Number of protein chains: 2
Amino acid sequence: MPPGLKDVAARAGVSIKTVSNVVNGYVHVAPTTRARVQAAIEALGYVPNIAARQLRSGRSGVIALAVPELQSPYFAEIAGLIVQAAERRSWTVLIDQTDGLAERERDLVEGLRRHAIDGLIFSPLALAGEELALRDGTPMVLLGERVWHGPADHVAIDNTAAAADATGHLTALGRRRIAAIGVQDKPSAVTAHQRLAGYRAALAEAGLPIDTALEMPAEGFHRADGAAAMARLLDTDSPPDAVFCFNDLLALGALRTLLSRGIPVPDDIAVIGFDDIEDGRFSTPTLSTIAPDAPRIAQLAVDLLAERLGEGSTPSGAPRELRVDHRLVARESTGA
Amino acid sequence: MPPGLKDVAARAGVSIKTVSNVVNGYVHVAPTTRARVQAAIEALGYVPNIAARQLRSGRSGVIALAVPELQSPYFAEIAGLIVQAAERRSWTVLIDQTDGLAERERDLVEGLRRHAIDGLIFSPLALAGEELALRDGTPMVLLGERVWHGPADHVAIDNTAAAADATGHLTALGRRRIAAIGVQDKPSAVTAHQRLAGYRAALAEAGLPIDTALEMPAEGFHRADGAAAMARLLDTDSPPDAVFCFNDLLALGALRTLLSRGIPVPDDIAVIGFDDIEDGRFSTPTLSTIAPDAPRIAQLAVDLLAERLGEGSTPSGAPRELRVDHRLVARESTGA
DNA sequence: GAAGGACTATACAACGTTGCAGTACTTAAA
DNA sequence: TTTAAGTACTGCAACGTTGTATAGTCCTTC
């Protein structure tokens, strides 16, 4: 029903291939012919059939983006930025939500061909190192703080250093008993491990002891987890005078607990988070945080993918590791 | 490079079409043949090429979902639910962000064929009635409170009634000066118009006068808009004793202003929002709101689309309007 | 014992596009 | 004047899949 090259060709009085050449910007087409074809395209409202194009070329023009959850403001922002960056290359982005489940992540890594995806930008939560190797040769870029030296290109901030910056901000304020919220045991929770390492490093740097009673675990990285962990901290004999939460949602949950108990922030307890999500700019008090350079992360991820894609059949070089800047944003929750 | 029906057929010693029949679950295939083919599929790791399938069948198995913005928690939730519902029909969902811009919405409506989309679930912000008609016959389901009697199937809650419920909750608490935040002038802002209508209806019902000084406009529906509008309300001669915000983000912004000015909520001013986003469950105080039945909205949208798709070439019946339930959730911000 | 029906399997064409090879003509260099 | 190089365009085949048509086999059933 929709017009094809055939119909355009008939109307313009040229061969199918010539229309194809015009559509693809092939140089050796006489200006008059080109104009006639363009007019026919216009008149019929011709749009190339991408299924056929893909069948021929093997390229779909679609890349997948897989994140743990879109509801998390940080990932929502990253997703939006990646879609924008991809649009500049006229790629379409298929967004996939893994819920951080190993099974869904594995499905994704193994079952990509089903969706005819040219490449994948992936922020893994559950899967580690070798498990991430894609069966087929689909190019992939990893996002976030997992797996250095993994099997694919990788874009991330220096997670440990950023965590140290956050904690250092608290020590610089003169706080002595600094808690951490978001500790996770399982070996796959690399983000949590790295932030814990940064936290400990900053404490050592400031000459403060490490007190594991102040290192609060959290099941997930949501408000509820932060609220619960903060409550547990307050119920101990010697509560902290500052808290570094491994992300902003945890921090917002912690703030909620503090405020509902009437504990003044930052006077009695200072709070800092991680991610710089929008909510933190409107919380009470506003939330100090670490702001990763999200636009750059998105741009780099798309660029890396483009490089791998561009080379065509090249087995291509070794995986690259790219670091992106972050900065400390001091707001009310630490006394700004 | 990846194996096709041809390769499987060669290995199993049958014709290409027989393999196709096995893959598609055609009934009349001898058990032994089927087993042999299955084994070959297994051995070669065959996966159907969807580009070719689509070229033949005209169906891509991909539907698009277009929302104003994913960062908005309400739309993020709806998106997640729709993806889940679509998965049950083994459809892939392409998520598109319009930013509420008329231009992008128009592009979407007109340029769908580029992406080879079987159907569209669309939550329009800028476009109205006839503008929404899809050029090609791609089935579409509209979401949200725009355009009754538009050109396509439509799923929404009874927006006006829900707004009246929210306002009625405030009048029932004995509040007399009830403000509204989120009023928008432009004719395309149907959501705002309907919620304003519901607000006024509830005031009338309670025998309260309509005071346009209490109807605060808002540029957008974000925290910052709510915070600003609340500030303006407080700076008037006779501030309100309750506020109905047209969505939760506005309400959270309003709360932020109230708290930073030390005005007790709900004692001096009660606040109610709309959408029941997760943030409202963890704000200080927790936020009363109207909770639309989001899972049902998602399910219905996908079901309606499936019906239109299933009928194949049927010009199909008149557009349907489906209403979904909502309920009032009373939390701390109105004294629960 | 022939006609009909259900079952199993195959061949062929077509979906719309593009790469490759090739034709015909023009211009520039040897 | 011949040869080479460039320009403008065309035809054919193939990408991997499925719908339609077809043909053979084996039962039933009258």
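Keep in mind that what you see is a predicted model, and the values were worked out from it rather than measured. Just the heavy atoms: all of them, side chains too, but no hydrogens, waters or symmetry mates, feed the values below. In what follows, chains are A, B, ... by sequence order, proteins preceding strands, each numbered from 1.
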Integer-rounded Å distance: [N] [atom2] and [X] [atom1]:
X       : N      : atom1 : atom2 : result
B:Leu5  : D:dC15 : CG    : P     : 13 Å
B:Lys6  : D:dT18 : NZ    : C1'   : 16 Å
A:Ile16 : D:dA13 : CD1   : C1'   : 13 Å
B:Asn49 : C:dG16 : CG    : C1'   : 14 Å

Checklist line | B:Arg36 or A:Ser20, whichever maps to the more 5' nucleotide of DNA chain C | finding: B:Arg36

Note to self: Tell me the closest heavy-atom pair linking B:Leu94 and A:Val93, and the distance in Å.
What the structure shows: CD1-O, 3.4 Å

Among the nucleotides [options], which one has an atom lying closest to any side-chain atom of [X]?
X       : options                : answer
A:Arg56 : D:dA13, C:dA9, D:dT18  : D:dA13
A:Ser15 : C:dT18, D:dT17, D:dG11 : D:dG11
A:Thr33 : D:dT17, D:dA8, D:dC15  : D:dA8
B:His28 : D:dT10, C:dT8, C:dT18  : C:dT8
B:Val29 : C:dT8, C:dA9, C:dG16   : C:dA9
B:Leu55 : C:dT17, C:dT8, D:dG16  : D:dG16
B:Ala52 : C:dA9, D:dG16, D:dA8   : D:dG16
A:Ala30 : C:dG16, D:dT17, D:dC9  : D:dC9

Between [Y] and [X], does any NZ, NE, NH1 or NH2 come within less than 4.0 Å of an OD or OE carboxylate oxygen?
X        : Y        : answer
B:Asp303 : B:Arg89  : yes
A:Arg11  : A:Glu42  : no
A:Arg308 : A:Asp153 : yes

Note to self: Please tell me if A:Thr18 has a side-chain N or O lying less than 4.0 Å from either OP1 or OP2 of D:dT10.
What the structure shows: yes

Checklist line | Residue-phosphate contact under 4.0 Å: A:Tyr46 side-chain N/O, C:dT17 OP1/OP2 | finding: yes

Notebook entry, point to check: With respect to B:Trp91, which candidate in B:Ile82, B:Asp118, B:Val302 satisfies the side-chain contact (heavy atoms from CB on, under 4.5 Å) definition?
Noted result: B:Val302

Check: Does B:Lys17 make a side-chain donor-acceptor contact with the base of D:dG19, cut-off 3.5 Å?
Finding: yes

Notebook entry, point to check: What nucleic acid atoms does B:Asn21 come within less than 4.0 Å of, heavy atoms only: base, sugar-phosphate, or nothing?
Noted result: base

